[in-house]
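Naming: A, B, ... by sequence-line order, numbering from 1 per chain.
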Protein chains: 2
Amino acid sequence: MAFAETFKALSDPVRREILELLKKGPLSAGDIGSHFDMTGATISYHLKILKQADLIYESREKNFIYYQLNTTVLEEIMLWISTLKGGDLNDERE
Amino acid sequence: MAFAETFKALSDPVRREILELLKKGPLSAGDIGSHFDMTGATISYHLKILKQADLIYESREKNFIYYQLNTTVLEEIMLWISTLKGGDLNDERE
DNA sequence: GGGGTATTTAGAAAATTTTCTAAATACCTT
DNA sequence: AAGGTATTTAGAAAATTTTCTAAATACCCC
């Protein structure tokens, strides 16, 4: 259950903002960093957490590491929330 | 945006387990506490966090305070995750 | 009102998380 | 290989979160 890790990863506002940035497409660590008032080391830390939670993955190209969203884990989270909401079936109409 | 609070609230395993307990129906603080190896004060702390995040609400009856799930906020979380996943439309088929 | 049970609050200790600086890797380009 | 840019790692400081003990509220019942 790396599930707990995913929730932890999503609990930080900086990390959620990183995910939103990546929604538009892959970005390098540097690109991501330039959106925040933090050192590159801190951004790297957050990227590591997101990576461990399987929320992003990286692909290396030239001298850069590009990060992009991995949405598959989000399904699990949605499912967990659904079951909490509605007994079991998701997308329930009342 | 108490939205951030909701994510924080969901990030702790104890709190998620409390929500799962409440899925079956309302429970008093004491009932909830008896499922965990922690003091009542700690449980009370977690209940406060869940309450502030609007994930539960309480109703007083006799000498007890009963807690129950409030699923309305979960919709927002689902929506946020959906937009992350799929451009915008939720419940997307590929 | 008085004693009893249920729960919360206050304050401190312990644990975890976030951030920084400095140094280390990694890889590209010439 | 050498110098340069991009990113990560290590280790410590700062901030936040989780937990506990002890005391305070709150409400019930006799």
In short, B/T71 meets A/K85 closest at the heavy-atom pair CG2-CA, 3.8 Å

Neighbours of DNA chain C within residues 7-15 of chain A, by heavy-atom distance under 4.0 Å: A/K8, A/D12, A/R15

Can you list, by chain and residue number, the hydrophobic cluster partners of B/Y57 when the side-chain cut-off is 4.5 Å? none

Axial bend angle, the helix from C/dG1-D/dC30 to C/dT30-D/dA1: five-pair end segments, nearest 10°: 30°

Flag the pair A/F64 / A/D31 as yes when at least one side-chain heavy-atom distance between them is below 4.5 Å, and no otherwise. no

Nearest heavy atoms of A/A53 and A/E5, plus distance in Å: CB-O, 3.8 Å

When rounded to whole Å, the CD1 to P distance for the pair A/I65 and C/dC27 reads 8 Å

Got a list of protein N/O to nucleotides 1-4 of chain C N/O distances below 3.5 Å?
none

Are B/L10 and B/I43 connected in a single hydrophobic cluster, I mean Ile/Leu/Val/Met/Phe/Trp/Tyr linked by side-chain heavy atoms less than 4.5 Å apart? yes

Linking I/L/V/M/F/W/Y whenever any side-chain heavy atoms sit under 4.5 Å apart, do B/L22 and B/Y66 land together? no

Can you check whether A/F36 reaches A/H46 side chain to side chain, under 4.5 Å on heavy atoms? no

Is the shortest side-chain heavy-atom distance between A/I49 and A/R15 below 4.5 Å? yes

Please report the closest heavy-atom contact between B/F3 and B/E76, naming both atoms and the distance. CE1-O, 4.1 Å

When hydrophobic residues are tied together by side-chain contacts of less than 4.5 Å, even through go-betweens, does A/V73 share a cluster with A/I56? no

Using a heavy-atom cut-off of 4.0 Å across all strands, would you classify A/G30 as base, sugar-phosphate, or nothing? sugar-phosphate

At under 4.0 Å between heavy atoms, what does B/Y67 touch on the DNA or RNA strands: base, sugar-phosphate, or nothing? sugar-phosphate

Closest non-hydrogen atoms of A/E58 and A/K51, given as atom of the first, atom of the second and distance, are OE1-NZ, 3.1 Å

Write down the atom of A/Q68, the atom of A/P26, and the distance for their closest heavy-atom approach. OE1-CG, 3.8 Å

Does any residue of residues 50-61 of chain B have a heavy atom under 4.0 Å from DNA chain D, and if so, which ones, in number order? none

A/L19 and its side-chain contact (heavy atoms from CB on, under 4.5 Å) partner, picked from A/L74, A/L69, A/N70: A/L69

Side-chain heavy atoms under 4.5 angstrom apart, residues restricted to Ile, Leu, Val, Met, Phe, Trp, Tyr: same cluster for B/I18 and B/I65? yes

Terminal contacting nucleotides, 5' and 3', DNA chain D versus chain A (heavy atom, 4.0 Å): D/dG4 to D/dT9

Touch class at under 4.0 angstrom, heavy-atom based, for A/A29 against every strand present: sugar-phosphate

5' precedence on DNA chain D between A/K48 and B/T39 (nearest-nucleotide basis): A/K48

When the nearest nucleotide of DNA chain D is assigned to B/H46 and to B/F64 on a heavy-atom basis, which residue is associated with the more 5' position? B/H46

Using a 4.5 Å cut-off on heavy atoms from C-beta on, say whether the side chain of B/K23 contacts that of A/T83. yes

Name of the residue among B/I32, B/L55, B/L27 meeting side-chain contact (heavy atoms from CB on, under 4.5 Å) with B/Y67: B/I32

Looking at every strand, decide which applies to B/F36 at a 4.0 Å heavy-atom threshold: base, sugar-phosphate, or nothing. nothing

